[in-house]
2 protein chains.
Amino acid sequence: MPTRRQAIDDLRASGGSVTIADVARLAGVSQTTVSRVLNGQRGLVSRATFRRVERVIEELDYQPTALGRALRQGQSNLVALFLPDTQNPFYSAIADSIEVCLQQDGLNLVLCNTREDAAMQDAALRQLLSFRVRCFIMLGAVDSAGLRDAAERNTPFLFINRLPPAGIAAPFIGIDNYAAGADIARYLVPRALTEVGVVSGPSRSSASRSRYEGFRDTMAALGHPIRPDNTWQSELTIKGGYDLGAAIIGRAGMPRAIFCANDLISYGLHKRATENGVRVPDDLFIVGFDDNPLNRWLAPWLVSVQVPYQEFGPIVRSIIVGSNLPAADQIILPHHIVERHNETAAD
Amino acid sequence: MPTRRQAIDDLRASGGSVTIADVARLAGVSQTTVSRVLNGQRGLVSRATFRRVERVIEELDYQPTALGRALRQGQSNLVALFLPDTQNPFYSAIADSIEVCLQQDGLNLVLCNTREDAAMQDAALRQLLSFRVRCFIMLGAVDSAGLRDAAERNTPFLFINRLPPAGIAAPFIGIDNYAAGADIARYLVPRALTEVGVVSGPSRSSASRSRYEGFRDTMAALGHPIRPDNTWQSELTIKGGYDLGAAIIGRAGMPRAIFCANDLISYGLHKRATENGVRVPDDLFIVGFDDNPLNRWLAPWLVSVQVPYQEFGPIVRSIIVGSNLPAADQIILPHHIVERHNETAAD
DNA sequence: CTGAAAGCGCTTACAG
DNA sequence: CTGAAAGCGCTTACAG
């Protein structure tokens, strides 16, 4: 039929986007029917009609607008992922794992860099809340007024890696950081690395805190309490470790081994050490945390604790898609210590 | 007035989100007026009314839904940024720069990892198109059917770092890659590094191609053409450089210097070199590209070309907010060679 | 199996 | 300066 062809061509050429009404008109059905086809409700549409509508959809290359649907349903197919530092490949790797998994269900991941800043986090939270995001995945959340506000209003949260701030009941996925800290103590002591120091992360991070406490308590229990002046604190960045290194590396009573709150801090410390002629691991043994994807390539000298970041995606997916957001369940993933044996060879 | 207080408390407690109609009712005005206040159209509302509405908005902690507005206006306050590899801190740094700038105008950046894959890029494009995204910023776009389709329909594109595929007319921001490649040749030759090799990136990347061509042409012009068997190709990753290194490092006629399409490739090559006892830069001089933020910390032995990634944000912002999307203008940023002088000291 | 109508929460001519 | 009404593009009771 030349008229129908014509109509279709006109529409596609007109530039203005094709709507469900156009499809309905050209297929000779109601919007309702088109909507049913769109949502694959086969039981509600005859086979013949279904196919006819499908064909028109294809001919027009019609793509339903997410905005209309989301507005009506009170929910979009957006999922937000907040993370404290996009420059840290460890966080990016978790984001990747989650993105791949959610894509399979037609969910779009919106990444949001909070830079560990409560104000930025709150601003982004407000914005995305107004998009009726299906779930907020908080990778390393910061305690903030906006976060507590949203939690009170039953916003769907999912905390990853770092526990929700005290008083917020929401599901958590991550490792047992206290146990991991303890494991490091048990790793070092038998190797005669008992004169240790520790660089903990900022206190806002429950993960860093637990790691530190597990390490400290276990070192003490094993008879080698950490000297107070061998305890430092740093941002979770390379620069943080490097700057702090200036105070550690030169010092008289420099410890024989140092446990850092994450791998990036270790990189910075290592750089300072090599600049000052301190050999790693011969003079200074460094332990990090996360098993950053870069370690394999750039830090064979580093012993680290592997957080199984590939596992986050599937679990997150099952929770969001299965919509079985548990009230405040905790899913504890396994961790283990990674050592690379060509330590001294490469660097 | 106790009734109003009561009404407000009821609303806030009800859980269901507050709408513009609620605000209008409680303020005793029409939705139109509330909308005007929301959009700061002071000229259209009396001072007294404006303040009254503002107060109700605050009391209710009312946040307009982006979906309603976007649907009506045919445009959301979302901006999409496509990037080929979230694990590359160079790309993340560009994303950061853009995000910070756009935030100032209430625009939300949606990050989208294409993994250099046309199908993933097209899928994401379709999804985000349906959110009426305000602009698609393509950092390292891949040529694909969906991209050409969208371009034909006048989708607002902005290409960054890597030129738009041939035939697509859209604005571009980036450096002059051909000139940069030439500069590297002019850097190496006076230093007696004339027996060179080159690792170019995948052919899909116009940036990599131009760098290679500029380097090749200039080496030839300076009387030191690159030997064909000293030309390789690699994905833009550490692993790519490391794997390729197996074929380069051991070889009899290994070149004295190698120019890599990006810094990550250099990292991989360097690792392979050190593992095989080849010293960098004494035995093998390595030049990379991008001046990856990690270089400062992890690769002081590397000479690289700095792409001024901090400058992308402000320019992108002025284009999107000023909505002066030029038809197909090119904004060429300056580049320069970076060398770190503690090369041999640290690593 | 099918459709007319209402409604999600905004903004925007239009009229006063 | 203010508001009633239409409309953005979908989905969903509801009725047949």
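Only this structure's heavy atoms are used, side chains among them; waters, hydrogens and symmetry mates stay out. Chain letters run A, B, ... following the sequence lines, proteins first and then strands; every chain starts at 1.
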Taking NZ, NE, NH1 and NH2 as the nitrogens, is one of them in A:D117 or A:R204 under 4.0 Å from a carboxylate oxygen of the other?
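Salt bridge absent between A:D117 and A:R204.
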
Think A:T33 has a side-chain N or O under 4.0 angstrom from the OP1 or OP2 of C:dG3?
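It does, given that an N or O in the side chain of A:T33 lies less than 4.0 Å from OP1 or OP2 of C:dG3.
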
Respond yes when some side-chain nitrogen or oxygen of B:T65 is under 4.0 Å from OP1 or OP2 of C:dC8, and no when none is.
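No, no such contact exists.
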
Side chain of B:Y62 only, please: which of C:dC10, D:dA4, D:dC10 is the nearest?
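The answer is C:dC10.
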
Selected nucleotide, minimal atom distance to B:T19 side chain, candidates C:dG9, D:dT12, D:dT2:
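Among the listed nucleotides, the one closest to the side chain of B:T19 is C:dG9.
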
Indicate whether any N or O donor in one side chain lies under 3.5 Å from an N or O acceptor in the other, for A:S76 and A:R134.
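Their side chains do not contain a donor-acceptor pair, so the 3.5 Å distance test is not met.
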
With 3.5 Å as the limit, what N/O pairs link the protein to nucleotides 14-16 of chain C?
none

Please determine whether the number of non-hydrogen atoms from other residues, nucleotides or ligands lying under 6.0 Å from atom CZ of B:R148 exceeds 12.
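Atom CZ in B:R148 is crowded, with more than 12 foreign heavy atoms closer than 6.0 Å.
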
Using the closest heavy atom to pick a nucleotide of DNA chain D for each, name whichever of A:Q63 or B:S30 lands nearer the 5' end.
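It is B:S30, whose closest nucleotide lies nearer the 5' terminus.
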
On DNA chain D, nearest-nucleotide positions of B:G43 versus B:Q31: which is more 5'?
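In this pair, the answer is B:G43.
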
Give, ordered by number, those residues of residues 68-75 of chain A having at least one heavy-atom distance below 4.0 Å to an atom of DNA chain C; if nothing qualifies, reply none.
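Hits under 4.0 Å, by residue number: A:L71, A:R72.
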
NA contact type, A:L44, heavy-atom cut-off 4.0 Å: base, sugar-phosphate, or nothing?
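It contacts base atoms.
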
Helical stems, DNA chain D - three or more consecutive Watson-Crick or G-U wobble pairs below 3.5 Å:
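So far as stems of 3 or more pairs are concerned, DNA chain D shows C:1-3 with D:14-16, C:5-12 with D:5-12, C:14-16 with D:1-3.
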
Donor-acceptor pair, distance only, cut-off 3.5 Å: does the side chain of A:R52 make one with the backbone of A:A27?
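Here the side-chain-to-backbone pair exists.
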
Answer with yes or no whether B:T32 presents, from its side chain, a donor or acceptor under 3.5 Å of a partner atom in the base of C:dT12.
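Indeed, a donor on one side and an acceptor on the other fall under 3.5 Å apart.
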
Aromatic centroids of A:F157 and A:F136 separated by under 6.0 Å:
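Under 6.0 Å, so yes.
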
